[in-house]
S.K.: 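Input: one structure, supplied below.
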Amino acid sequence: MNTIAETASRGQARHRMRIDGWRWGGRIFLVFMLLYTALPMIWMLITSIKSGFAAMQFPPQWWPDEPTLASYQKLLDPQNSVGQDFLRFFWNSLFVSTATTILSVIVAVPAAYAFSRFTFPGRNFLFFAVLLRNMFPAVIFLVPLFILMRAIGLVNTHGSLVLTYLTFGLPLAIWLLKGFYDNIPVQLEQAARIDGATRLQAFLLIVMPLSAPGIIATAIYSFIGAWNEYIYAYTFLSKNDQLTLPVGIQRFFSENTTDFPGLMAASFMMSVPVVVLFLVLQRYFVRALTEGAVKH
């Protein structure tokens, strides 16, 4: 009997050791991934507070002897040409990203609800056809979309970017929201209809509040995609007052020299809104992904 008990206890101990080994392995992996993602941001921030000479030193100077915020002051000062351009680019990116986000939500919400609640001929074909665009790299559509935008007179306007970003962002937004609506019991709407509500009222008063995490996740995805996009903004826009931040930042490069502190400061300031937005709303994003992927 004692031998059996000892064998069982040794087996449990080995099982706990295996679990602890996997747990510590997971922790080490998470630390590695944290360093992998955080170190570029840290180096970008450190370089942004260096002088132009210190940024070009080799071997690199890991921490500047005389940190300075001159690059940030120049970027945020509307009295000089660099500050004027940067603030204009920042506003253009904010406008395009916000407009894309609002239109994505307005279009994706009813489309996803229709795919989730209604049965109509070609429903499955249309739903998978929406996702078909994501099978191809975005650059394939560059020339056709440019020809289309030129034909309708939208080249060198922010409207061309908004329409293009909607083309890319809507498929995933619709898919994400449909999975979320599938997990909202239809009996809740039926109960509201029995109490006298119309379908629209049931949707606005019952479904919309319950789907708020999914809508927020869709908005985050749309905003980040529009904020960071470069190739279409570079192709469709040529006027300096229309450029967005990803394209405008290249103005820190020149034929003879590059303002690395200014470039890093502009890049860091460009990344701050996205990071803050995701950190504030990440619980909604994670909830939408998990609830939209698993059907209860």
Side-chain angles (χ1 to χ4, degrees), residues 36-102 156-162 164-165 219-282:
Y36 180 78
T37 55
L39 283 178
M41 291 286 293
I42 295 173
W43 181 248
M44 183 167 59
L45 178 60
I46 292 175
T47 304
S48 69
I49 60 175
K50 292 180 179 180
S51 64
F53 177 76
M56 297 294 293
Q57 283 186 344
F58 186 84
Q61 187 180 41
W62 299 109
W63 183 258
D65 295 329
E66 298 179 358
T68 175
L69 296 177
S71 296
Y72 293 96
Q73 293 172 351
K74 183 167 62 174
L75 289 174
L76 297 177
D77 184 6
Q79 302 301 321
N80 62 72
S81 59
V82 175
Q84 291 174 358
D85 286 341
F86 178 80
L87 294 175
R88 185 185 302 113
F89 300 153
F90 191 94
W91 165 251
N92 291 340
S93 288
L94 185 63
F95 172 77
V96 170
S97 301
T98 303
T100 302
T101 301
I102 294 173
N156 278 322
T157 67
H158 293 149
S160 62
L161 295 184
V162 173
T164 302
Y165 298 161
I220 294 174
Y221 169 78
S222 300
F223 186 90
I224 293 177
W227 183 267
N228 293 328
E229 203 282 324
Y230 172 80
I231 185 65
Y232 282 89
Y234 181 78
T235 304
F236 291 168
L237 303 178
S238 60
K239 296 181 179 179
N240 187 69
D241 59 345
Q242 296 288 333
L243 298 182
T244 56
L245 266 179
V247 180
I249 283 179
Q250 70 179 349
R251 297 302 175 91
F252 288 94
F253 294 94
S254 63
E255 183 177 353
N256 299 319
T257 184
T258 299
D259 181 10
F260 283 106
L263 177 63
M264 294 297 103
S267 301
F268 181 78
M269 293 183 66
M270 177 181 171
S271 64
V272 166
V274 174
V275 173
V276 171
L277 180 67
F278 186 80
L279 289 177
V280 172
L281 302 175
Q282 63 174 328

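Just so it is clear, the structure is predicted and the values come from calculations on it, not from any experiment.
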S.K.: How about N92 and L245: do any of their side-chain heavy atoms sit closer than 4.5 Å?
M.R.: no
S.K.: Which residues satisfy the side-chain contact (heavy atoms from CB on, under 4.5 Å) test with S48, sequence neighbours excluded?
M.R.: L45, Y72, M264, A265
S.K.: Roughly how far, to the nearest 0.5 Å, is CG of L94 from CG of L87?
M.R.: 12.0 Å
S.K.: To the nearest 0.5 angstrom, please state how far the CD atom of Q79 sits from the CD atom of Q84.
M.R.: 7.5 Å
S.K.: Which pair of non-hydrogen atoms, one from S271 and one from M41, has the smallest distance, and what is that distance?
M.R.: OG-CE, 3.5 Å
S.K.: Any donor and acceptor pair, going by atom type alone, linking the side chain of E229 with main-chain N or O of A233 inside 3.5 Å?
M.R.: yes
S.K.: Does the side chain to side chain contact (heavy atoms under 4.5 Å, CB included) test come out yes or no for Y234 and T244, once each step is laid out?
M.R.: CA-CA 9 Å; Y234 181 78; T244 56; over 6 Å; no
S.K.: What heavy-atom pair brings L237 and H158 nearest, and what distance separates the two atoms?
M.R.: CD1-CD2, 4.3 Å
S.K.: Look only at the side chain of D77 and the backbone of G83, and say whether a donor-acceptor pair between them is shorter than 3.5 Å.
M.R.: no
S.K.: Distance check, rounded to the nearest 0.5 Å: L243 atom CG versus S238 atom OG?
M.R.: 8.0 Å
S.K.: For the side chain of D241 and the backbone of R88, is there at least one donor-acceptor N/O pair under 3.5 Å apart?
M.R.: no
S.K.: I'd like to know whether OH of Y230 has more than 12 heavy-atom contacts from other residues, nucleotides or ligands below 6.0 angstrom.
M.R.: yes
S.K.: Closest approach of S97 and T101, non-hydrogen atoms and distance?
M.R.: O-OG1, 2.7 Å
S.K.: Grab the two heavy atoms, one from Y232 and one from T164, that are nearest each other, plus how far apart they are.
M.R.: CD2-CG2, 3.6 Å
S.K.: Below 4.5 Å, heavy atoms only, C-beta onward: do I49 and L69 meet side chain to side chain?
M.R.: yes
S.K.: Applying side-chain contact (heavy atoms from CB on, under 4.5 Å), can you list everything that pairs with A99, at least two apart in sequence or on another chain?
M.R.: V162
S.K.: For F90, check ring pair (Phe, Tyr, Trp, His ring centres under 6.0 Å) against everything at least two apart and list the hits.
M.R.: W227
S.K.: If you apply the rule side chain to side chain contact (heavy atoms under 4.5 Å, CB included), what do you find for F223 with T100, and how did you get there?
M.R.: CA-CA 7 Å; F223 186 90; T100 302; over 6 Å; no
S.K.: Would you check if the side chain of S160 reaches a backbone N or O of T157 as a donor-acceptor pair within less than 3.5 Å?
M.R.: yes
S.K.: CH2 of W43: more than 12 outside heavy atoms within 6.0 angstrom?
M.R.: yes
S.K.: Grab the two heavy atoms, one from L75 and one from F86, that are nearest each other, plus how far apart they are.
M.R.: O-CD2, 3.7 Å
S.K.: Find the distance between CD1 (I231) and CZ (F236) and round it off to the nearest 0.5 Å.
M.R.: 9.5 Å
S.K.: Could you go through M270 and S93, starting from their C-alpha distance and side-chain angles, then the distance that decides it, and tell me whether this counts as side chain to side chain contact (heavy atoms under 4.5 Å, CB included)?
M.R.: CA-CA 9 Å; M270 177 181 171; S93 288; over 6 Å; no
